[in-house]
Amino acid sequence: LAAAAKAFANARKLAEKAGNDLVLATALGNGAEIALETGQLAEGEAALKRALEINRTLGVRTTRADNLNNLGLVRHLRGDPDGAREYLNEALKLAHALGADVTVLSQSLAKQEDGLRLGADAYYATSDEQTFKELRSAFDLIINTVSADLDLDAYPGHSKVHGTIVYVGLPENARTC
């Protein structure tokens, strides 16, 4: 990881010198992931925020989604669920703007209005047993941001064959697959 961190730092310096903001944002994002992997949350967060701002200015949406996801993870690791939720809400809006069919799963319907307002196409309560029956093999991608204890074995059956499940925040006592 040290060699990768050095390579991304050099790429960042070269991009800054050349005035290439797209390469700079990529180097910052990649360097931030190394920083997060090595426990340097403050450094990783600062780089991600800078990369996100550059990507917003350039209008690069796909990399912005990655930045938002990672910033949500940083906030979660810092014990800031509200901050994590803010970044993840922005990611939800962005996914919708990119044309994704976005479904929100939550324990209850309490936040349904917010989810739909932010761009979700559908909203389901996981406390309703019918939800899991209805949504079996329904998703290409599941991004699970839950930090409460839950049974992770309930989720793999909801992705399509060759689908992907990403766990952004796992609780300490998660029951894993």
Side-chain angles (χ1 to χ4, degrees), residues 29 32-33 35-37 39 41-42 44-53 55-56 59-177:
E33 289 188 31
L36 297 178
E37 190 69 31
L41 295 182
E45 183 176 23
L48 284 167
K49 284 182 176 180
R50 187 167 174 213
L52 178 61
E53 190 55 42
N55 284 318
R56 282 181 175 146
V60 181
R61 295 199 250 180
T62 53
T63 309
R64 259 177 39 213
D66 186 46
N67 297 152
L68 290 165
N69 177 54
N70 286 328
L71 282 165
L73 176 60
V74 168
R75 286 295 170 192
H76 173 75
L77 291 172
R78 288 186 163 197
D80 179 8
D82 292 333
R85 192 173 302 111
E86 184 177 315
Y87 284 119
L88 295 169
N89 285 346
E90 188 172 344
L92 187 150
K93 287 189 245 181
L94 185 57
H96 180 76
L98 289 170
D101 183 14
V102 178
T103 299
V104 173
L105 300 175
S106 188
Q107 290 179 336
S108 73
L109 298 177
K111 296 179 275 184
Q112 182 175 15
E113 186 177 312
D114 288 338
L116 296 173
R117 181 179 46 78
L118 290 169
D121 298 291
Y123 192 105
Y124 293 88
T126 58
S127 58
D128 180 353
E129 291 179 23
Q130 192 60 32
T131 292
F132 289 108
K133 292 176 185 172
E134 187 175 333
L135 297 177
R136 187 120 185 104
S137 299
F139 302 109
D140 296 308
L141 171 66
I142 297 173
I143 302 175
N144 188 327
T145 62
V146 174
S147 59
D149 287 336
L150 73 147
D151 181 3
L152 300 180
D153 288 331
Y155 291 87
H158 294 88
S159 68
K160 293 180 179 177
V161 174
H162 303 293
T164 302
I165 301 176
V166 178
Y167 294 99
V168 175
L170 286 177
E172 286 184 40
N173 299 316
R175 297 177 303 276
T176 60
C177 310

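Owing to the predicted nature of the structure, the values given are computational and were not obtained by experimental measurement.
Atom CG in Asp128 sits 8.0 Å away from atom CG in Leu109 (nearest 0.5 Å). With rounding to the nearest 0.5 Å, the separation of CD in Glu33 from CG in Asn70 is 4.5 Å. The distance from atom OG1 of Thr103 to atom CG of Leu92, rounded to the nearest 0.5 Å, is 10.0 Å. To the nearest 0.5 Å, the span separating CG on Leu118 from CD on Glu113 amounts to 10.5 Å.
In terms of the side chain to side chain contact (heavy atoms under 4.5 Å, CB included) criterion, Ala46 has no residue partners (sequence neighbours excluded). Shown here are the side chain to side chain contact (heavy atoms under 4.5 Å, CB included) partners of Ala91, two or more places apart in sequence or in another chain: Leu68. Asp80 pairs by the salt bridge (Lys or Arg N to Asp or Glu O under 4.0 Å) definition with Arg75, not counting sequence neighbours. For Glu37, the side chain to side chain contact (heavy atoms under 4.5 Å, CB included) partners at least two apart in sequence or on another chain are Leu1. Partners of Asp121 according to the salt bridge (Lys or Arg N to Asp or Glu O under 4.0 Å) rule, which considers only residues two or more places apart in sequence or in another chain, do not exist here.
Sorted by first and then second residue, the side chain to side chain donor-acceptor pair (under 3.5 Å) pairs with a member in residues 82-98 read Arg56-Glu90, Asp82-Arg85; sequence neighbours excluded.
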Output, in order, the C-alpha distance, side-chain angles, deciding distance and verdict of side chain to side chain contact (heavy atoms under 4.5 Å, CB included) for Leu135 and Leu105.
CA-CA 10 Å; Leu135 297 177; Leu105 300 175; 3.5 Å; yes
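Closest of all the heavy-atom pairs between Val102 and Gly119 is CB-O, 4.2 Å. Heavy-atom minimum distance, Ser106 versus Tyr123: CB-OH, 3.1 Å. A pairwise comparison of heavy atoms in Gly72 and Ala84 identifies O-CB, 3.4 Å as the closest pair. Among all heavy-atom pairs drawn from Gly29 and Ala51, the shortest one is N-CB, 4.1 Å. Of all the heavy atoms in Arg78 and Leu41, the pair that sits closest is NH2-C, 3.7 Å. Summarising the geometry of Ser108 relative to Ser127, their closest heavy-atom pair is CA-OG, 4.4 Å, with the distance given to 0.1 Å.
Taking a 6.0 Å sphere around CD of Gln130, one finds it holds more than 12 heavy atoms contributed by other residues, nucleotides or ligands.
Checked for salt-bridge contact, Lys49 and Glu45 meet the test: a charged N lies under 4.0 Å from a carboxylate O.
Side-chain contact between Leu48 and Leu36 is present, with heavy atoms from C-beta onward closer than 4.5 Å.
A distance-only check finds a donor-acceptor pair linking the side chain of Thr131 to the backbone of Ala125 [under 3.5 Å].
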